[in-house]
Each structure stands twice: as structure tokens, then as C-alpha cells.
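These notes concern the structure reproduced below.
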Number of protein chains: 4
Amino acid sequence: MGVKERKALEKQIRRNQILDAARTLLFSTGIDSISISKIAEQAELGVGTIYFYYKNKEQIFVALQQEGVAILYSTILQIFKNKIGHQEKLTQIALSYYRFSEEQKNYFDIINYFLSSPIVFFEPNLKNRIDMSGRKILLIIRDIVADGVLQGVFNEKDPGKFSIMFWGTLHGLIHFKKLEGTVLENESHKELYDYSVQKLIHTIK
Amino acid sequence: MGVKERKALEKQIRRNQILDAARTLLFSTGIDSISISKIAEQAELGVGTIYFYYKNKEQIFVALQQEGVAILYSTILQIFKNKIGHQEKLTQIALSYYRFSEEQKNYFDIINYFLSSPIVFFEPNLKNRIDMSGRKILLIIRDIVADGVLQGVFNEKDPGKFSIMFWGTLHGLIHFKKLEGTVLENESHKELYDYSVQKLIHTIK
Amino acid sequence: MGVKERKALEKQIRRNQILDAARTLLFSTGIDSISISKIAEQAELGVGTIYFYYKNKEQIFVALQQEGVAILYSTILQIFKNKIGHQEKLTQIALSYYRFSEEQKNYFDIINYFLSSPIVFFEPNLKNRIDMSGRKILLIIRDIVADGVLQGVFNEKDPGKFSIMFWGTLHGLIHFKKLEGTVLENESHKELYDYSVQKLIHTIK
Amino acid sequence: MGVKERKALEKQIRRNQILDAARTLLFSTGIDSISISKIAEQAELGVGTIYFYYKNKEQIFVALQQEGVAILYSTILQIFKNKIGHQEKLTQIALSYYRFSEEQKNYFDIINYFLSSPIVFFEPNLKNRIDMSGRKILLIIRDIVADGVLQGVFNEKDPGKFSIMFWGTLHGLIHFKKLEGTVLENESHKELYDYSVQKLIHTIK
DNA sequence: CATGAATGAGCATTCATTCAT
DNA sequence: TATGAATGAATGCTCATTCAT
């Protein structure tokens, strides 16, 4: 291993060290209380060092968001590989996102941070990275639907569009969890979610 | 007009003056840059005066959110009253939310602020007010569907559930507007939205 | 009853109404959280009205302090009147102050506020009123001692001085309650207090 | 001297610079008027810088309190080391506290701040540090008494208890300085103090 | 590479008091 | 008498970022 490689490796190690610290904070006190100096303290590094490895706070958030998406993706990939029916796959994927929003709330929050906040400007590069990480999930859904169509299980002209609609619905509905107890007086939010998923799947049968 | 009425009127005027200032800020620099002292400056009032009329910052946000919802509601109410088909009504409502998210982006942001942020605590009263303001919109949709079912145009056992799914889908998809240019490479976001709306309506035909 | 008397009576009623409010706050949230506007709200009066009846916040505090001292005084007066020995009287008085500091903590705090805070300036009149209210308590102690001397139970040339020393010791020791758990590692504060009282009494035997 | 040492030294200098500023304020306008921003201004530093060196305002107060206690302690230690009688030592210690409360009034105030205010919460660690600083003074008194007992000069079963009573009396009586001119009509406060000290010492003879 | 000191604008909120009505 | 609107300084504290070493 040459000097270059070792340097690169060390750099990666430091980056991970910083990310570890940020993740610890994310999970211990939530997204709102992450600050660079807290990360530095947690990572046992100087503040300046953080800035050497990440241009700014946003970059760290992006890295965490990628982690979150990766976790979600791997779950969904498992489902994709299962030997179960197409419809069942979609149902399980939907369920897994619901669970993710609850069990990995902090990761969900940070994904949501990029998706829902009215923040205007990201460097194009960054934005690309953020967005593309989620794309793979949509592609899985698309593939399931497309394959279902091939197999004659589903009937849908544009699996790509559908996959986005599918995910958008799930995402929107999860936000409505907040309305439990007020708008959703008698409705169980989970029931509502399941109902919607079935409805969605029904549209391509 | 007695002294009492005049006082009450003046008080209302001041409240509006403050809200005007907050709205101006909301529309000029976005929700993230609204602070009490900026509102005070904009309104040409002392900071303390703001607190005399609104208990805290959140209350001002709520007032703005209510404004936004009211605008959206009135648009949707118009559509509801139109003498057009049930399906057409739903289509137009969906369209109007899309437009709202673009043309009244700042109002959309503040509504979204209450719906999407991982924020911790609201006084129950406040939360109720926030949530319930949106409820009327859902009820219109429910009524359209329910009436459609009565008329034999639609087929849906639970119009209440459907209305929430409908809105959730719209809401979630609007968030995906951000993905234009990255994930949505070739897709037009608007086309996708329309596609989804038609799909949704199709499920209750 | 003439107009003058009625007016005076009404004025007194209002003053009490204000004091009631202040006392309620004192006992519900403690001395630190008493503010004029809170008093006004509690009393269902305007802020300006408070200032009509009390020149400033301090005046209200003084009134509360007087109440506290009055309560303490009446307890001590009871003990004074009891048909028990001189020594027993002193013991019970000391005990009653200890209890007062615990059971009427809020009154104790406000008395302490005037006695311990480094605040410099009070109007002479005010200061006189504050200080003199406590004087009666000291006089009781002095009388007990003086009478004890007469009866041959005690031996003390200057009962006046002793009464102040007696009270000063109690007061100082109560402050040390805070040291429980740190400086007073193994000592029970109450035991220490009792020990000191006995010691004190012993000096005049 | 290495870089590390120099850095540490500079850091200490800055901490002192801040403390100097705080002390200046303490001595010019009293404890009540110390605020972080005033300290920053006085120290010609940014507010943030203050917080870099002291976690919060309380920490600065503690530092000042420790200074005060240290001054008092060193005086008392001197007396302890003097080759004078046991009784004389106690007398002089009492006198030195009296003088301290007059000549170092601001330090006395800040010590008193921690001892007398009904303040709610301190980090346990902090509280420990505050309380323990005073402990050393009590231990000196205890040792004098204990030694006096050994030498047959004093007669006291529990020198530890006595030392606290001794100090509590002094402390409480100093508070009564405020009553000069009102309650203490004809009494000289100083005379009263001396009287009490002699009385106290007498109890262990 | 790594550090960590320094910044100062920024934050939400409180408060005693005044004064025109 | 009584009101309550208005004030604005003041509070403790946070934070992303910079930069000299």
C-alpha cells in the first residue's frame, strides 16, 4: 500500500470518526441539537478539524441522511429478494417504511429534513448525492411493478411513475401521524396507512 | 360605537399590524428568518409589544398558518360549489393544492412547518387549532366522495379514509418536487402529480 | 359611616385583593416568579391599578413579609403565654422557627429576602416598618429571659443582647440547612440545631 | 517551556482576565448587576468568549466565591498558626469574619448569595465545590476546640458540632447588621457581636 | 494536519414602570 | 379611580465559521 492509499484510508477513518460522533448526537438528543462544537467534543477532535473533513454542517447531515437511506434500502432490498408474491412485496415495503419512521425515527427525521424543509440552496453536487441515494429505493419498487406486469400480475403502463406515486403516498401519510388525536379522531393512523397501501396496489391490479 | 368596541377594534388592528409584519417577513425572506425582533422592527413596535399581543412566536406562526389554510380552503370551497362532476371536483382540488404550493409557497411552507417538522411540543389547545383548521378541507373531499357514492359515480366504502389518503398523496408528492432534475430525470413533476391524481380517483370508480 | 371612611375601607379592600394575589403567587411558584403583571392578572386588575395601591413591587413584598412575621409572631406569642418553664419556652420558640422555615418556606424566603439580600437602598420609612415587625419577636424572647432572671432560673445581665444573639444563631443555622449532604456529612441538621439551642440556653443558666 | 504549557498559561490568563472583569463589576456595582454581557464588555471580549472559558454565569460566581473563601481562609489560617491561646484564637477568628463582612463586603455578599438565596438548582458537582470550600474553615475551628479540649482549656464533647454552631451564630449575627438604627436602637452591633462571641466561647469553658 | 480560541450577531422571552385615556 | 397598551433594555445562552499558530 502506497503512501497515497494510506493517507486516503486515514482520511476515511477520520471522516467516520466524525460521523460516529454526529450519529451519536443524532440518536441521543435529536437532529435539532446537533452542533459542530458538540460533534467535535463527542469526536474528541478540534472544531477546526471537523471543518477540514467536512466543508460545513450540511455535509455531515447529508452523510447521516445517506446512512439512513442505506439502512432503509437494505431492508427493502431484502424484501425484494424474498420469494414472495409481487403484491406481498409492495405491502411489505410499505410496512417497512412505516416501521422505519417509527423505529429509526432519527434517521427518518434527517431524511425528512432534506425532503421537507423549505431550505433553498444546496450545492448541485450535494443535492445530487442526496437525491440519488433515494432513487435506488424507487427503482426497486419500479422493478417489482414492472416484473409484476410482465408476469401478468399487475397492469400498469408506467411502473416508474407509479413507484414515485407509491412512495409519495407513503411519505405524505406518515406525516399525518401527527394528526392522531385531533383530525384523526376515531381513525387509527396505522389502519389508514394499511388501507391506503391496499388501495394503491389495487390500482395496478 | 362605544369605547369598548373601539378599543377592541384597535386591538385587532394592532394584531393585524403585527401579522402584516410577520407575513412580510415570511414572504420576503422565508419562514426560517422570522424572529420576534425582526417582526417588531418591521411592525415599528417594541419587542415587548409583540408579546403583549401574541403569547409567543409560535402563536404568530399559527396565525399565519391559519391564514394559509383559510386561503386554500376558500379556493377548495369554490370548487366544491361549482356545478361540475364529482371527479372533476377532485381533480380541480388536487390541482389547486399544487398551485397553492407554488403560488403561495410561503404559506405552504408554514403549513408544512407544522406538519413535517420533528418539533416536540405544542400546547394541546394550539395543536388542536392547527390540526383542525385543515380538517375542513378533508371534510369537503369526504363529502364529495360520499356524495359521489350516493350518486353512483364513485364506489368507496369509507370516504373519510379515502379523503385522508387522497390528501396525503398530494402532500407527499408535492415534497417530491425537490427531486426534479435529479431523481425525476425525465419525468415532469407536474405530469407525475396529474398521473397520481387520476390514479387515485380511479381507485374509487 | 361617612364617605371618607367608606373610601378608606374600599381602598383597604383593594389592597388586600392585591395582596391575596401576590400571596397566591408566592405560594404557588415562589418569590422569584412574582411579577407585577402576574399579580395584576391574578387579582383581575389592571397593572396600572396595582401601582395605584402600591408604589412599587418592593412595597408588596414588604406587606408579604409583614404577614410572614405576623404568623411567626403569633406562634411565638402562644408559646410565651403557655404555662411552661422558661427554658421550655425558649426551646419551643427555637423549634417553632425551625418549623416555620420548613412549613412556611415561602414566608421564610421573603423574610430572608429582606434580611439577607445585599440590596442597599430602601426608603427609611419602609425599612423601619420591615425591621420593626421582627422586633416584637425579639422582645418576647427578651422578656422570657428577663423574667427567668427575676425568677432565678436564668442568669443573664443583658437579656436584650441575649435575645438577639439567640435569634441570630437560629437564623444563621437555618441557612446551613443547605450544607446537608456536603459539609454536614454525618451530622443531621436538625440535631445540630437542637444541640445549638440547648447550648445557647445553657449559657444563661 | 513547551507550547502546551504556554497555551495552558495563556488560557489561565484569559480566565483570570474574565474573573478580573467580573470582580470589578462585583466591587463597583454589586452582585445583582453582574451579567455576562457586562463582564464581556468589561473584559473587552466577545460574549461567546466568556462562555468558552466558563460554562455559565454560575461558574463565574463560584470562582468569585472561592476567591472570597480563600481570602477568608488564609486569614483564619494565620490566626490558627499564631502562638496564642485557644480562646484568643476563636475570638480573633470571629473578629476576622466580622471584618471580612465589612472590608470585603462584596466577597461576603457572594458567599452569602450561595448560602442564603432560595435558589433552586445547582449541579451536584458545583454545589459540592461551593460547600466544601467553606468546610476547611469549619475544620480549623473544630481543631482549635478539639485541641483546647485535649489541653484541658475547653470542655466540649462534640467539637465538630460546636464549630458549626459557632460559625452559624457569627453568620446569622452579621445579617443583623442591617437592623442597626431600627431594631438595634441603642445597641451597637459590634458590641453585640463581641458579646455573642464571648458567650459562645464561655459555653465550652 | 490539527487545533481551539475568538467572535458577535442572534435568539426568545421577561419585566417594572409610565401615561394617555 | 382604573385601565392596559407600550416600551426597550436586559437576560443567559448558542452557534457556524474563521484563522493564526
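Predicted model only: the values in this text are computed from it and were never measured.
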(message) If I take atom CD in residue D/Glu41 and atom P in nucleotide F/dT11, what distance separates them, rounded to the nearest angstrom?
(response) 10 Å
(request) Report, as a single string ordered 5' to 3', how protein heavy atoms within less than 4.0 Å touch nucleotides 15-21 of chain F: B base, S sugar-phosphate only, - not at all. (result) BSBB---
(request) Would you please name every residue forming a side-chain hydrogen bond (donor to acceptor under 3.5 Å, both in side chains) with A/Thr182, sequence neighbours left out? (result) B/Asp131
(request) Please state how far atom OH in A/Tyr53 lies from atom C1' in E/dA2, giving the value in whole angstrom units. (result) 8 Å
(request) Rounded to the nearest angstrom, tell me the gap between atom CD1 in C/Ile50 and atom C1' in E/dA16. (result) 12 Å
(message) Distance check needed: E/dG4 P versus A/Ile39 CD1, whole Å only.
(response) 16 Å
(request) Find the runs of at least 3 consecutive base pairs, i with j, i+1 with j-1 and so on, that include DNA chain F, using Watson-Crick or G-U wobble geometry with both distances under 3.5 Å. (result) E:2-21 with F:2-21
(message) Contact between A/Thr29 and A/Lys38 at the side-chain level, heavy atoms closer than 4.5 Å - yes or no?
(response) no
(request) Not counting sequence neighbours, which residues clear side-chain contact (heavy atoms from CB on, under 4.5 Å) with A/Tyr51? List them please. (result) A/Ile36
(message) Under the rule for side-chain hydrogen bond (donor to acceptor under 3.5 Å, both in side chains), what residues qualify as partners of D/Lys55, not counting sequence neighbours?
(response) D/Glu123
(message) Measure CD/A/Glu44 against C1'/E/dA2 and give the value in whole Å, please.
(response) 15 Å
(request) Sequence neighbours left out, what passes side-chain hydrogen bond (donor to acceptor under 3.5 Å, both in side chains) with B/Asn106? Give chain and number order. (result) none
(request) Could you check which residues of residues 14-27 of chain B get a heavy atom under 4.0 Å from DNA chain F? Sort them by number, please. (result) B/Arg14
(request) Tell me, please, which residues at least two apart from D/Glu10 pass salt bridge (charged side-chain N to carboxylate O under 4.0 Å, His left out). (result) D/Arg6
(request) For A/Ser28, check side-chain hydrogen bond (donor to acceptor under 3.5 Å, both in side chains) against everything at least two apart and list the hits. (result) none
(message) In this structure, how many angstroms lie between the P atom of F/dT3 and the CG atom of C/Leu45, rounded?
(response) 5 Å
(request) List for me each residue that meets side-chain contact (heavy atoms from CB on, under 4.5 Å) alongside C/Ile39, sequence neighbours excluded, and say none if there are none. (result) C/Ile18, C/Ala21, C/Ala22, C/Leu25, C/Ile34, C/Ile50, C/Ile60
(request) Please report, rounded to the nearest Å, how far the P atom of F/dT11 is from the CZ atom of D/Phe61. (result) 11 Å
(message) I'd like to check the salt bridge (charged side-chain N to carboxylate O under 4.0 Å, His left out) partners of D/Lys105; sequence neighbours left out, ordered by chain and number.
(response) D/Asp109
(request) Could you please spell out the steps behind the side chain to side chain donor-acceptor pair (under 3.5 Å) verdict for C/Tyr107 and C/Glu67? (result) CA-CA 8 Å; C/Tyr107 274 131; C/Glu67 279 191 5; 2.4 Å; yes
(request) Could you pull out all residues at least two apart from D/Asp20 that satisfy side-chain contact (heavy atoms from CB on, under 4.5 Å)? (result) D/Arg23
